[in-house]
There are 2 protein chains.
Amino acid sequence: MEKRVTIQDVANRAGVSITTVSRYVNGRYESMSAKTRERIRAVIEELGYRPNALAQGLKASRTKSIAAVVVNMSYPFCVGFLRSLSLILTRSGYHLIVSETGGDADIERDVVQSLLAQRVEAMVLQTGGENGDLLAAIAEQMPVVLVDRAFAVAGAHTIATNNREASREMALHLFDRGYRHVIYVTEDEAGIPTRIERLQGYEDACAAREVAATVVHVNRQDVGSMERAAGVVSELAQAAKGEPIAVYTANGLIMMPLYRLLRQLPLAVPSVFGMATFDEPDWAQLVDPTLTCVRQPVEEMGAEAGRLLLKRVHGKPASDGRAEVARIVLPSHIVPGGSTK
Amino acid sequence: MEKRVTIQDVANRAGVSITTVSRYVNGRYESMSAKTRERIRAVIEELGYRPNALAQGLKASRTKSIAAVVVNMSYPFCVGFLRSLSLILTRSGYHLIVSETGGDADIERDVVQSLLAQRVEAMVLQTGGENGDLLAAIAEQMPVVLVDRAFAVAGAHTIATNNREASREMALHLFDRGYRHVIYVTEDEAGIPTRIERLQGYEDACAAREVAATVVHVNRQDVGSMERAAGVVSELAQAAKGEPIAVYTANGLIMMPLYRLLRQLPLAVPSVFGMATFDEPDWAQLVDPTLTCVRQPVEEMGAEAGRLLLKRVHGKPASDGRAEVARIVLPSHIVPGGSTK
DNA sequence: TTGAAAGCGCTAACAG
DNA sequence: CTGTTAGCGCTTTCAA
């Protein structure tokens, strides 16, 4: 492990002071003779010098890194979101630190504290909502963006999709296609805005059509709950006596394990049985018939988060010391598939 | 943006020197009176002090962060790998910085340099192979792990799967199921070991069965190439005059767009037409019939990378200054599905 | 156009 | 048991 070359080494070799090298590194060429400038350039090249970002940051607490805290980075939403966020940040020389909470409030707190100690310059979180006070306190120190789940946290920006409206539209779409009953399958709301809003949207649609809402709660970890959900669907199908019914899941992760169980039922898709989900799983176009779904603008959300953070991190804080807090809502759209017709 | 509390603040408030506080923070309680210790604990709690990781790291160049450089973080391999890597690292208080190269050698170089300046303590890369010299140089300064693509880089560890053997097995599996021709669809090898090895495995199997190899090259970005591939399959099926044939793709990302095209052919799956792929896409179990595939131990690779890096980062370098370089191969396994029978 | 010097927040000898 | 002191590598006044 060789010793790393420092600004001092460059200064010595070039026969100038470290101040001058520092100036060169920071592009302040105007106060420097062309000769000195060229000399330093050559030495830096020769020695392969790269400034220690740590030392640079120590003074201004600028680490050129931004953290993303998500429930599970393998969730399709997170994958797309993180990727586009990462792309934007990289373009501005920022690094993305990714952390997982698994949805656990204690872990979330620890992770956030640790990130704070690491002096990240900003944070974007898919939070569970339990650490609101902590996040509000952090929002006073650095830009904080809450994504996907639009909890109300003082000082934090939010980026989400129009869950309620899009969910309502999907349910209406199903009713309009002639499905007399739409069974909504979701996870326990657990106070999570996204889930609550999607459920509300479904209920809005039921109310609009004066149809009774049928909500089935499942637990993704629990296969039994999925089987029970399929059982409920089966019973309702029988009770419907041939009238078309549909299943609409609150997200793609629920539909995944449920899909096979539903297809095993003796119900013809889409004629007497419709299927749809919020989210657009990558397999939606591979199954036969293709799956009707709600596409979230995942990439746009990531890009928007990146832009927002960079603007806040770069820019001087607003004159009154408190910048505008953005609440961005990016609309989702229905992608009709063969599973509803 | 309030001023952050420093070790000095704590020292002042507690009426001790910063050294003592530093000792407390680093858990060296033995050299400290119980009274002092309690006093400091109280003040830290009161002020909500958290040591500045930047300043801590400046001295020892320990940033508690490790970087992962991948081609595309949304690739299924990367998603699973990064997640399990992240989990391991977090458990040891390390942060994971994720960067993308898009497979571009220049970007890879820039990203790596930038990470170097950031003083990450180690790197794991899914490299394109063009920056071997740079990586070898870095491997002299910090632990470097090459994952997925087992390029030979001096001083770097590698973690990969047994691509050639697993690919051979899959091809043999297909021949054994009675498919007389197995068409292998892959991307341009581009010098990437993973691709070369999988192709070799297929060729090994063809040689063993004394069957001519049929390799079709496609470009994932190019729909036309996929259609041409499907065309080749169609022609071969006709030439086979009812004899069963199969398609075997080099990875799941190729199979995804190809799948629909192949299913549109008038060929019965699996009786006269078999389908299989390297990788296990999450939709493999959702389509009907389920898709036969090769499951890579993605999570294990991530966990192994994490363990390896942490061991090397923590441990003192070996006495001779050059630690053992690990070449880890984790085996893949065939997951039989209904698409071959 | 340049450099000396004072830190940024923390750790680690070395003395008491 | 505790404090003094000297940096880690770099930026930034303030003078020259």
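Heavy atoms only: backbone and side chains are in, while hydrogens, waters and symmetry mates are out. In what follows, chains carry the letters A, B, and so on, assigned in the order in which the sequence lines appear, proteins first and then strands, with residues in each chain numbered from 1.
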Q: Compare every heavy atom of Met142(A) with every heavy atom of Leu116(A), then report the nearest pair and how far apart it is.
A: CD1-CE, 3.5 Å
Q: Nearest-Å distance, CD1 (Ile44(B)) to C1' (dC10(C))?
A: 13 Å
Q: Taking only side-chain nitrogens and oxygens of Ser17(A), does any of them come within less than 4.0 Å of OP1 or OP2 of dT2(C)?
A: no
Q: Between dC10(C), dC10(D), dT2(D), which nucleotide has the shortest distance from any of its atoms to the side chain of Gln56(A)?
A: dC10(D)
Q: Quick one: label Val25(A) by what it contacts on the DNA or RNA (base, sugar-phosphate, nothing), any heavy atom closer than 4.0 Å.
A: nothing
Q: Atom OH of Tyr24(B) and atom P of dG3(D): how far apart are they, to the nearest Å?
A: 16 Å
Q: Any side-chain donor-acceptor pair under 3.5 Å between Ser33(B) and Thr36(B)?
A: yes
Q: Report the distance from atom CZ of Arg37(A) to atom C1' of dT2(C), rounded to the nearest whole Å.
A: 16 Å
Q: Starting at atom CZ of Arg50(A), determine the distance to atom P of dG9(D), rounded to an integer number of angstrom.
A: 17 Å
Q: Mapping Ala53(A) and Arg23(A) to their closest nucleotides on DNA chain D, which lands nearer the 5' end?
A: Ala53(A)
Q: Need one value for Tyr29(B): base, sugar-phosphate or nothing, where a base atom within 4.0 Å counts as base even if backbone is also close, heavy atoms only.
A: nothing
Q: Whether Ser33(B) contacts dT2(D) is assessed here as follows: a side-chain N or O lying under 4.0 Å from the phosphate OP1 or OP2. Is that the case?
A: yes
Q: Report which part of the nucleic acid Thr20(B) touches: base, sugar-phosphate, or nothing (heavy-atom distance under 4.0 Å, all strands).
A: sugar-phosphate
Q: Between Ser22(B) and dT11(C), is there a contact of a side-chain N or O with OP1 or OP2 at under 4.0 Å?
A: yes
Q: Figure out the CD1/P separation between Ile18(A) and dG9(D), and round it to whole Å.
A: 11 Å
Q: To the nearest angstrom, how far is Met32(B) atom CE from dT11(C) atom C1'?
A: 14 Å
Q: Please determine, for the side chain of Lys59(A), which listed nucleotide (dT2(C), dA6(C), dG9(C)) has the closest atom?
A: dA6(C)
Q: Can you see if the side chain of Thr36(A) gets near the phosphate of dT2(C) - specifically, an N or O under 4.0 Å from OP1 or OP2?
A: yes
Q: Could you check how far CD of Gln8(B) sits from P of dC10(C), rounded to whole Å?
A: 9 Å
Q: Does Ser31(A) make a side-chain N or O approach to OP1 or OP2 of dT2(C) shorter than 4.0 Å?
A: no
Q: For Val21(A), which contact category applies under a 4.0 Å heavy-atom criterion: base, sugar-phosphate, or nothing?
A: nothing
Q: Taking only side-chain nitrogens and oxygens of Tyr49(B), does any of them come within less than 4.0 Å of OP1 or OP2 of dC10(C)?
A: yes
Q: Side-chain donor-acceptor pair under 3.5 Å between Ser99(A) and His95(B), yes or no?
A: no
Q: Ignoring hydrogens and angles, state whether a donor on the side chain of Thr90(A) or Glu100(B) is under 3.5 Å from an acceptor on the partner side chain.
A: no
Q: From CG of Asn52(A) over to C1' of dG9(D), roughly how many Å is that when rounded to an integer?
A: 6 Å
Q: Return yes if a side-chain donor-acceptor contact under 3.5 Å exists between Tyr94(A) and Glu121(A), otherwise no.
A: yes
Q: Decide whether Asn52(A) and Arg4(A) meet the rule of one side-chain donor and one side-chain acceptor closer than 3.5 Å.
A: no
Q: Select from Leu58(B) and Arg28(B) the residue whose nearest nucleotide in DNA chain C is closer to the 5' end of that strand.
A: Leu58(B)
